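Report on one structure; see the data block that follows.
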Amino acid sequence: MRVPFLAQIAVLVAALGCVACSDSNMQKDGDGNYVVNTTELGKDIKGYVGQTPLNVTINSNGVIVKVEALQNSETPDFFRPVEEKLLKQLEGKNSSTIDAVDGVSGATFSSRAVLKNTKAALDYYHAHK
(Lines give C-alpha, C1' and ligand atoms only; values in the text may rest on other atoms or scores of the structure.)
Protein backbone atom coordinates (compact mmCIF):
# COMPACT_ATOMS: atom_id res chain seq x y z
CA MET A 1 0.00 0.00 0.00
CA ARG A 2 1.33 3.44 -0.96
CA VAL A 3 0.98 6.31 1.48
CA PRO A 4 0.13 9.60 -0.26
CA PHE A 5 2.95 12.12 -0.36
CA LEU A 6 1.04 14.75 1.67
CA ALA A 7 0.35 12.17 4.38
CA GLN A 8 4.09 11.41 4.54
CA ILE A 9 4.83 15.13 4.91
CA ALA A 10 2.22 15.44 7.69
CA VAL A 11 3.79 12.54 9.61
CA LEU A 12 7.26 14.09 9.21
CA VAL A 13 6.07 17.50 10.45
CA ALA A 14 4.34 15.91 13.45
CA ALA A 15 7.47 13.92 14.28
CA LEU A 16 9.66 17.02 14.10
CA GLY A 17 7.21 18.90 16.29
CA CYS A 18 7.49 16.20 18.94
CA VAL A 19 11.27 16.42 18.83
CA ALA A 20 11.03 20.18 19.44
CA CYS A 21 8.73 19.68 22.44
CA SER A 22 10.86 16.96 24.01
CA ASP A 23 13.42 19.41 25.37
CA SER A 24 14.41 18.02 28.77
CA ASN A 25 15.56 21.44 29.98
CA MET A 26 12.44 23.44 29.10
CA GLN A 27 8.75 22.62 28.88
CA LYS A 28 5.71 24.76 28.17
CA ASP A 29 3.05 24.67 30.88
CA GLY A 30 -0.72 24.92 30.53
CA ASP A 31 -0.66 28.70 30.98
CA GLY A 32 1.74 29.26 28.07
CA ASN A 33 4.70 29.88 30.38
CA TYR A 34 8.02 28.10 30.00
CA VAL A 35 9.45 26.06 32.86
CA VAL A 36 13.22 25.74 32.69
CA ASN A 37 14.80 22.97 34.77
CA THR A 38 18.43 23.75 35.68
CA THR A 39 19.42 20.25 36.79
CA GLU A 40 21.55 19.75 33.67
CA LEU A 41 22.06 23.42 32.79
CA GLY A 42 23.53 24.17 36.20
CA LYS A 43 25.31 20.91 36.89
CA ASP A 44 28.56 22.81 37.49
CA ILE A 45 26.93 25.47 39.69
CA LYS A 46 27.49 24.55 43.33
CA GLY A 47 26.14 25.96 46.57
CA TYR A 48 27.89 25.27 49.86
CA VAL A 49 27.38 21.50 49.69
CA GLY A 50 26.50 20.78 46.08
CA GLN A 51 24.23 21.48 43.15
CA THR A 52 21.10 23.62 43.73
CA PRO A 53 18.79 22.88 40.79
CA LEU A 54 15.67 24.93 40.16
CA ASN A 55 12.52 25.02 38.10
CA VAL A 56 12.21 28.59 36.81
CA THR A 57 8.86 29.53 35.28
CA ILE A 58 9.15 32.34 32.73
CA ASN A 59 6.30 34.03 30.88
CA SER A 60 6.29 34.93 27.17
CA ASN A 61 7.73 38.38 27.99
CA GLY A 62 10.83 36.84 29.60
CA VAL A 63 9.70 37.69 33.13
CA ILE A 64 10.09 35.21 35.98
CA VAL A 65 6.74 34.02 37.28
CA LYS A 66 7.98 31.51 39.86
CA VAL A 67 11.19 29.88 41.06
CA GLU A 68 11.02 26.51 42.76
CA ALA A 69 13.97 24.81 44.44
CA LEU A 70 14.40 21.17 43.53
CA GLN A 71 15.95 18.48 45.70
CA ASN A 72 19.46 19.44 46.75
CA SER A 73 22.10 18.67 49.37
CA GLU A 74 22.28 22.11 50.99
CA THR A 75 21.93 22.27 54.77
CA PRO A 76 18.18 22.77 55.37
CA ASP A 77 18.64 25.40 58.10
CA PHE A 78 20.70 27.55 55.73
CA PHE A 79 18.73 26.85 52.57
CA ARG A 80 15.29 27.48 54.07
CA PRO A 81 15.80 31.29 54.18
CA VAL A 82 16.92 31.15 50.56
CA GLU A 83 13.67 29.41 49.65
CA GLU A 84 11.54 31.70 51.77
CA LYS A 85 13.14 35.03 50.80
CA LEU A 86 15.34 34.87 47.71
CA LEU A 87 13.06 32.79 45.50
CA LYS A 88 10.20 35.26 46.07
CA GLN A 89 12.50 38.21 45.25
CA LEU A 90 13.21 36.69 41.84
CA GLU A 91 9.56 36.79 40.79
CA GLY A 92 8.90 39.65 38.39
CA LYS A 93 12.56 39.95 37.40
CA ASN A 94 14.02 39.46 33.93
CA SER A 95 17.50 39.21 32.42
CA SER A 96 18.17 42.91 32.84
CA THR A 97 16.88 43.22 36.44
CA ILE A 98 18.14 39.96 37.97
CA ASP A 99 21.48 41.48 39.01
CA ALA A 100 19.68 43.84 41.41
CA VAL A 101 18.61 40.90 43.60
CA ASP A 102 20.68 40.43 46.76
CA GLY A 103 21.42 37.07 48.30
CA VAL A 104 20.40 35.96 51.78
CA SER A 105 22.81 36.85 54.58
CA GLY A 106 24.21 33.72 56.20
CA ALA A 107 23.58 31.61 53.08
CA THR A 108 25.99 33.25 50.67
CA PHE A 109 27.06 30.16 48.72
CA SER A 110 23.50 28.87 48.34
CA SER A 111 22.26 32.33 47.32
CA ARG A 112 24.97 32.69 44.67
CA ALA A 113 24.17 29.25 43.29
CA VAL A 114 20.44 30.04 43.10
CA LEU A 115 21.15 33.33 41.32
CA LYS A 116 23.52 31.65 38.84
CA ASN A 117 20.97 28.90 38.17
CA THR A 118 18.26 31.51 37.61
CA LYS A 119 20.48 33.38 35.15
CA ALA A 120 21.24 30.10 33.36
CA ALA A 121 17.49 29.44 33.08
CA LEU A 122 16.84 32.91 31.63
CA ASP A 123 19.70 32.53 29.15
CA TYR A 124 18.40 29.13 28.07
CA TYR A 125 14.87 30.48 27.70
CA HIS A 126 16.03 33.34 25.46
CA ALA A 127 18.16 31.02 23.33
CA HIS A 128 15.53 28.28 22.89
CA LYS A 129 12.02 29.71 23.16
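Computed from a predicted structure; not experimentally measured.
Among all heavy-atom pairs drawn from Ser111 and Val82, the shortest one is OG-CG2, 3.8 Å. Annotation for Tyr48 and Glu74: closest pair N-OE1, 2.8 Å, computed over non-hydrogen atoms. Nearest approach of Gly62 to Leu122, heavy atoms of both residues: O-CD2, 3.9 Å. Leu41 approaches Ala120 most closely through the heavy-atom pair CD1-O, 4.3 Å. What you find for Lys43 and Lys46 is that their closest heavy atoms are O-NZ, 2.9 Å.
Residue Leu54 holds its CG atom at 9.5 Å from CD of Glu83, rounded to the nearest 0.5 Å. The distance from the CG atom of Asp31 to the CG atom of Asp29 is 5.0 Å, given to the nearest 0.5 Å. Separating the CD1 atom in Ile58 from the CE atom in Met26 is a distance of 8.0 Å, to the nearest 0.5 Å.
Under a hydrophobic-cluster definition in which Ile, Leu, Val, Met, Phe, Trp and Tyr are linked whenever side-chain heavy atoms come within less than 4.5 Å, directly or via other members, Ile45 and Val104 are assigned to different clusters. Linking ILVMFWY side-chain heavy atoms closer than 4.5 Å, directly or via other members, places Leu87 and Ile98 in a single hydrophobic cluster.
No more than 12 heavy atoms of other residues, nucleotides or ligands shown are found within 6.0 angstrom of CD on Gln71. Annotation: Lys116, atom NZ; neighbour count of heavy atoms from other residues, nucleotides and ligands within 6.0 Å does not exceed 12.
A side chain to side chain donor-acceptor pair (under 3.5 Å) with Thr38 holds for exactly one of Asn25, Asn117, Asn55; it is Asn117. When each of Leu86, Ile64, Val36 is paired with Thr118, the side-chain contact (heavy atoms from CB on, under 4.5 Å) condition holds for Ile64 and for no other.
Distance alone, capped at 3.5 Å, places no donor-acceptor pair between the Asn61 side chain and the Val63 backbone. Side-chain N or O atoms of Tyr125 include one that pairs as donor or acceptor with a backbone N or O of Ser60 at under 3.5 Å.
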- request: Please report the C-alpha distance between Ser24 and Glu40 in whole Å, then the side-chain angles of each, then the deciding distance to 0.1 Å, and finally whether the side-chain contact (heavy atoms from CB on, under 4.5 Å) criterion is met.
  value: CA-CA 9 Å; Ser24 64; Glu40 284 299 313; 5.6 Å; no

- request: May I have the step-by-step check of side-chain contact (heavy atoms from CB on, under 4.5 Å) for Leu90 and Val114, ending in yes or no?
  value: CA-CA 10 Å; Leu90 294 169; Val114 165; 4.1 Å; yes

query: How far apart are the C-alpha atoms of Phe79 and Val49, what are their side-chain angles, what is the distance that settles it, and do they pass the side-chain contact (heavy atoms from CB on, under 4.5 Å) test?
result: CA-CA 11 Å; Phe79 198 73; Val49 177; over 6 Å; no

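For Asp99, the salt bridge (charged side-chain N to carboxylate O under 4.0 Å, His left out) partners two or more places apart in sequence, or in a different chain, are Lys119. The ring-ring contact (aromatic ring centres under 6.0 Å, His included) check on His128 picks up Tyr124, with sequence neighbours excluded. Residues forming a side chain to side chain contact (heavy atoms under 4.5 Å, CB included) with Thr39 (at least two apart in sequence, or on another chain): Asn37, Gln51, Pro53, Leu70.
A salt bridge between Glu91 and Lys88 is present, with a side-chain N of the basic residue lying under 4.0 Å from a carboxylate O of the acidic one.
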